[in-house]
Amino acid sequence: MTTYILVHGAWHNGQCWQRVTPLLEAAGHRVLAPSLSGYGDKASLLAPDVGLDTHVADVTFLLRGEDLRDVVLVGHSYAGMVISSAAHQMPERIRHLVYLDAMVPEHGESAVDVQPLTRQLIDQAARDGHGWRIPPMQRSSHGLFGVTDPEDIEWLTSLLSDHPVRCLTQPAQLDNLSVKAIPRTHIHCVGNQPPGIVRRPVPASQPGDAPAYVRELTTGHDCMITMPKELSALLLECSRH
């Protein structure tokens with residue numbers, strides 16, 4: 001049995017994984033899909049001082065509190081920042097890192113550095129008078145986070161809430177060389193991508209000179225909603241690396 005921790009991205013909460021969780025559990029694995037501080041059942045914690053370090057602490061607290069080891073740690077979108085930092089704090093507990101259409105930072109980089117579009121969102125929120133919080137992105141011709149089915153959009157909209165600016169401006173601390181021993185997989189969503197999104201090329205070899213595992217799903221950004229079976233199959237593959 002492998003333990004999976006599924007970490008949601010900006011504006012979302014842990015419920016966004018509800019189509020993936022039972023598929024991984026049916027294969028005999030344990031799955032945890034927590035909501036980060038400020039979202040879902042932790043919405044009351046939303047505040048100006050919630051930042052990347054807050055969300056990293058959410059994950060490391062779960063790892064330590066449940067005494068979890070050999071974990072496949074999955075981060076979607078912004079949560080690539082979160083899992084990278086959490087792995088650098090507790091590398092001995094991580095079996096595999098999965099970057100699911102995610103930001104992949106270098107040491108000292110913030111989300112603004114990795115995905116410049118986030119600066120536009122911060123500036124727009126300031127112009128609109130939202131200050132320290134960024135409202136969820138709105139439905140466009142590309143759907144909502146790549147989700148196009150009307151019923152799915154309605155459900156997804158009910159999950160979304162504001163994202164603190166500090167999460168996007170606080171730099172990741174990635175200075176633990178032990179992380180180089182952790183295998184990693186990059187899963188890219190290659191369909192229905194809105195303009196302005198930047199995806200860095202994945203190096204042919206990963207830290208520790210391991211080969212790069214890169215997989216693709218032909219769907220929009222929120223693949224856990226649009227292609228849960230296909231995503232689950234890829235995540236199960238990661239447990240075997």
Side-chain angles (χ1 to χ4, degrees), residues 1-9 12-36 39-42 55 58-80 82-84 86-87 90-104 145-147 149 151-152 155-156 159 179 181-192 202 206-208 210-241:
M1 182 186 73
T2 296
T3 297
Y4 287 83
I5 298 180
L6 311 178
V7 187
H8 64 82
H12 294 57
N13 66 48
Q15 294 182 61
C16 70
W17 300 101
Q18 70 176 34
R19 297 178 182 177
V20 172
T21 297
L23 299 177
L24 298 178
E25 291 176 336
H29 303 295
R30 183 184 184 190
V31 183
L32 301 171
S35 291
L36 300 174
Y39 307 98
D41 59 348
K42 299 177 183 174
H55 293 157
D58 289 336
V59 174
T60 57
F61 180 83
L62 180 61
L63 287 166
R64 187 180 297 108
E66 296 282 339
D67 194 23
L68 301 175
R69 299 178 185 276
D70 270 353
V71 170
V72 175
L73 185 57
V74 182
H76 178 240
S77 195
Y78 153 76
V82 179
I83 67 168
S84 295
M90 308 186 80
E92 72 282 358
R93 294 177 182 262
I94 310 302
R95 176 177 180 175
H96 201 104
L97 288 169
V98 182
Y99 291 89
L100 178 57
D101 220 30
M103 298 180 185
V104 186
F145 294 101
V147 177
D149 179 83
E151 291 186 2
D152 285 346
W155 173 68
L156 174 58
L159 303 183
V179 172
I182 303 175
R184 59 193 64 193
T185 294
H186 301 261
I187 301 175
H188 295 162
C189 298
V190 296
N192 203 24
V202 177
Q206 297 292 281
Y213 296 106
V214 182
R215 302 291 183 264
E216 292 185 348
L217 291 173
T218 307
T219 188
H221 186 53
D222 277 7
C223 57
M224 73 287 288
I225 296 173
T226 58
M227 297 186 74
K229 292 181 180 179
E230 295 83 352
L231 173 58
S232 297
L234 293 180
L235 295 179
L236 290 171
E237 180 182 303
C238 294
S239 71
R240 296 189 286 270
H241 287 314

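- Heavy-atom minimum distance, Ile5 versus Pro34: CG2-CD, 4.2 Å.
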Quiz prompt | Test side-chain contact (heavy atoms from CB on, under 4.5 Å) applied to His12 and Leu156, step by step | solution = CA-CA 8 Å; His12 294 57; Leu156 174 58; 3.9 Å; yes
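- Rounded to the nearest 0.5 Å, atoms CD (Glu230) and CE (Met224) are 13.5 Å apart.
- Leu100 contributes atom CG, which lies 5.5 Å from atom CD1 of Ile187 (distance to the nearest 0.5 angstrom).
- In this structure, His55 and Tyr39 have tilted ring planes: the angle between them lies in the 30° to 60° band.
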Quiz prompt | Stepwise side-chain contact (heavy atoms from CB on, under 4.5 Å) test for Val98 and Leu235 | solution = CA-CA 8 Å; Val98 182; Leu235 295 179; 3.9 Å; yes
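- Applying side chain to side chain contact (heavy atoms under 4.5 Å, CB included) to Val7 and the options Val74, Leu32, Leu73, Asp58 leaves one that passes, Leu73.
- A heavy-atom distance below 4.5 Å is not found between the side chains of Thr3 and Arg95.
- Residue Thr219 comes nearest to Cys223 through the heavy atom pair CG2-CB, 3.6 Å, listed as atom of the first residue, atom of the second, then distance.
- Remark: Thr21 engages no residue in a side chain to side chain donor-acceptor pair (under 3.5 Å) (not counting sequence neighbours).
- Closest of all the heavy-atom pairs between Tyr99 and Ser84 is OH-OG, 2.7 Å.
- Nearest heavy-atom pair, Thr226 versus Gly146, reported as atom, atom and distance to 0.1 Å: CG2-O, 4.1 Å.
- Considering every non-hydrogen atom in both Gly9 and Ser77, the closest pair reads CA-CB, 4.3 Å.
- Annotation: side chain of Trp17 is in contact with side chain of His8 (closest heavy-atom distance under 4.5 Å).
- Here Leu24 contributes atom CG and Leu6 contributes atom CG; the two are 6.5 Å apart, rounded to the nearest 0.5 Å.
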Could you pull out every donor-acceptor pair under 3.5 Å between side chains of residues 61-72 and any protein atom, sequence neighbours left out?
unit_1: Glu66; atom_1: OE1; unit_2: Arg30; atom_2: NH2; d: 3.0
unit_1: Asp67; atom_1: OD1; unit_2: Arg93; atom_2: NH1; d: 3.2

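- Residues Cys238 and Tyr213 form no side-chain contact, since every pair of their non-hydrogen atoms from C-beta on lies 4.5 Å or further apart.
- In this structure, the side chains of Leu236 and His29 come closer than 4.5 Å at one or more pairs of heavy atoms.
- Distance OG1/Thr218 to NE2/His188: 13.0 Å, rounded to 0.5 Å.
- Interatomic distance, Leu231 CG to Cys189 SG, rounded to the nearest 0.5 Å: 8.0 Å.
- Taking 4.5 Å as the limit, some side-chain heavy atom of Trp155 sits within range of a side-chain heavy atom of Ile225.
- Residues Pro91 and Val179 share a closest heavy-atom pair of CB-CG2, 4.1 Å.
- Judged purely by atom type and a 3.5 angstrom limit, Ser35 uses its side chain to pair as donor or acceptor with the backbone of Gly14.
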Practice problem: Applying side-chain contact (heavy atoms from CB on, under 4.5 Å), run through Gln18 and Leu159 and close with a yes or a no. | Solution: CA-CA 12 Å; Gln18 70 176 34; Leu159 303 183; over 6 Å; no
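- You'll find the side chain of His76 reaches within 4.5 Å of the side chain of Asp222, heavy atoms only.
- To the nearest 0.5 Å, the span separating CD on Gln15 from CG on Asp41 amounts to 8.0 Å.
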